[in-house]
Protein chains: 2
Amino acid sequence: MSQEGVGVDLETSLGYLLKEASSALRAAMEEVLRPLGMSVTHYSCLELLAQRPGLSNSELARGAFVTRQTMNVLLQTLERDGYVTRPAKAPVGKALPTRLTPRGRRSLEKASTAVRSIEAKMLTRLTETEQSDASRILQSMIHSLHRDNKDA
Amino acid sequence: MSQEGVGVDLETSLGYLLKEASSALRAAMEEVLRPLGMSVTHYSCLELLAQRPGLSNSELARGAFVTRQTMNVLLQTLERDGYVTRPAKAPVGKALPTRLTPRGRRSLEKASTAVRSIEAKMLTRLTETEQSDASRILQSMIHSLHRDNKDA
DNA sequence: TGACTCATGTCAGCATTCTGACATAGGTTC
DNA sequence: GAACCTATGTCAGAATGCTGACATGAGTCA
């Protein structure tokens, strides 16, 4: 495995570990979503809509961590296939509030169950305390990364 | 911001937080690497080679969390532009050990500095204890996700 | 009112990554 | 040796996501 430890700090780099964990999670999600004919972004969009009905395209994009252009393409497909609906005219501004159709809700059910089992699997060896530690630490990382360092 | 809390557990989902943190890290890395004309995968490849000279294409792919086809395309570009070298003939098997050229090493230096500053920024508000907690917890998650549940 | 700024939806083109496929090198088992 | 399995490098095509660009709607400020 070419594992001669030559001043390697990849194993101890939290950035690398974060990427590795996220990659493993995504791979596991893709594995269970593929049989359902659903991609991770596809699932994320439906899950967001189930928990927050009426989100606009741009809001969904931010929630799924893709650009609004990417989400727009996905929404057009989901709308064409009858998973979501959007009004033809924006009630206010340009934002079009999106909602799940019964079909979309049904489709999400199995996917949601599968994904939750993945998340449970990920946490099997962690105590309650460790899980709340993880939550707090990850939120701190997110906050620090988003913060603009404009203080000279 | 459409934040009416309707049975939402996205904020408390560790899977979602993991994706959010990873996304923020990647965005921050892209931001500092773009001026250097380097993508995240591009940087990852060079960093891996600096720390473990002689890695093959497939090993680099696994280390950078992409497919070996993707890494192959990248390596061909890096080789053409003189950042890495590979022998024309495999010394054993088919694996071609890859190494950084002086130019590749120089190019990596600035990028490595920039990326380490991002990682430091990410950890600013975390204590030593929290950082080692994070390391242990992330490794547990990775282990659990990779483990095949074949035990009936 | 008019100019400015900002967020949004959307179209088009490009970049990146992936899946599928094939041939080859090495090891294992009989 | 032969059959088999696995890992590797590589080519080709498809899928996915991104950047650039434009027009529109709403709020701000003079």
Is there a donor-acceptor pair under 3.5 Å between the side chain of B:Arg103 and the backbone N or O of B:Asp81?
-> yes
Candidates C:dA23, D:dC11, C:dG9 - which lies nearest the side chain of A:Leu96 | C:dG9
Parallel, tilted or perpendicular, as decided by the 30° and 60° cut-offs, for the rings of A:Tyr83 and A:His42 | perpendicular
Criterion side-chain contact (heavy atoms from CB on, under 4.5 Å) on A:Leu55 and A:Thr98, from CA distance to verdict | CA-CA 6 Å; A:Leu55 283 189; A:Thr98 311; 5.9 Å; no
How is A:Ser56 classified with respect to the nucleic acid when contacts are heavy atoms under 4.0 Å: base, sugar-phosphate, or nothing?
-> sugar-phosphate
Does B:Thr41 make a side-chain N or O approach to OP1 or OP2 of C:dT17 shorter than 4.0 Å?
-> yes
If you take atom types as modelled and just measure distance, does the side chain of B:Gln76 reach the base of D:dG9 with a donor-acceptor pair under 3.5 Å?
-> no
Given that A:Val92 and A:Val66 both sit by DNA chain D, which one's nearest nucleotide is further toward the 5' end?
-> A:Val66
The nucleotide from C:dT10, C:dT8, C:dT19 with an atom nearest the side chain of A:Arg34 is C:dT19
Base, sugar-phosphate, or nothing for B:Ser58, non-hydrogen atoms under 4.0 angstrom?
-> sugar-phosphate
If only side-chain N and O atoms of A:Arg68 are considered, is one of them under 4.0 Å from the OP1 or OP2 phosphate oxygen of C:dC11?
-> no
Out of D:dT24, D:dT10, C:dT17, which has the shortest distance to the side chain of B:Thr70?
-> C:dT17
What are the two closest non-hydrogen atoms of A:Pro87 and A:Pro97, and how far apart are they?
-> CD-O, 3.1 Å
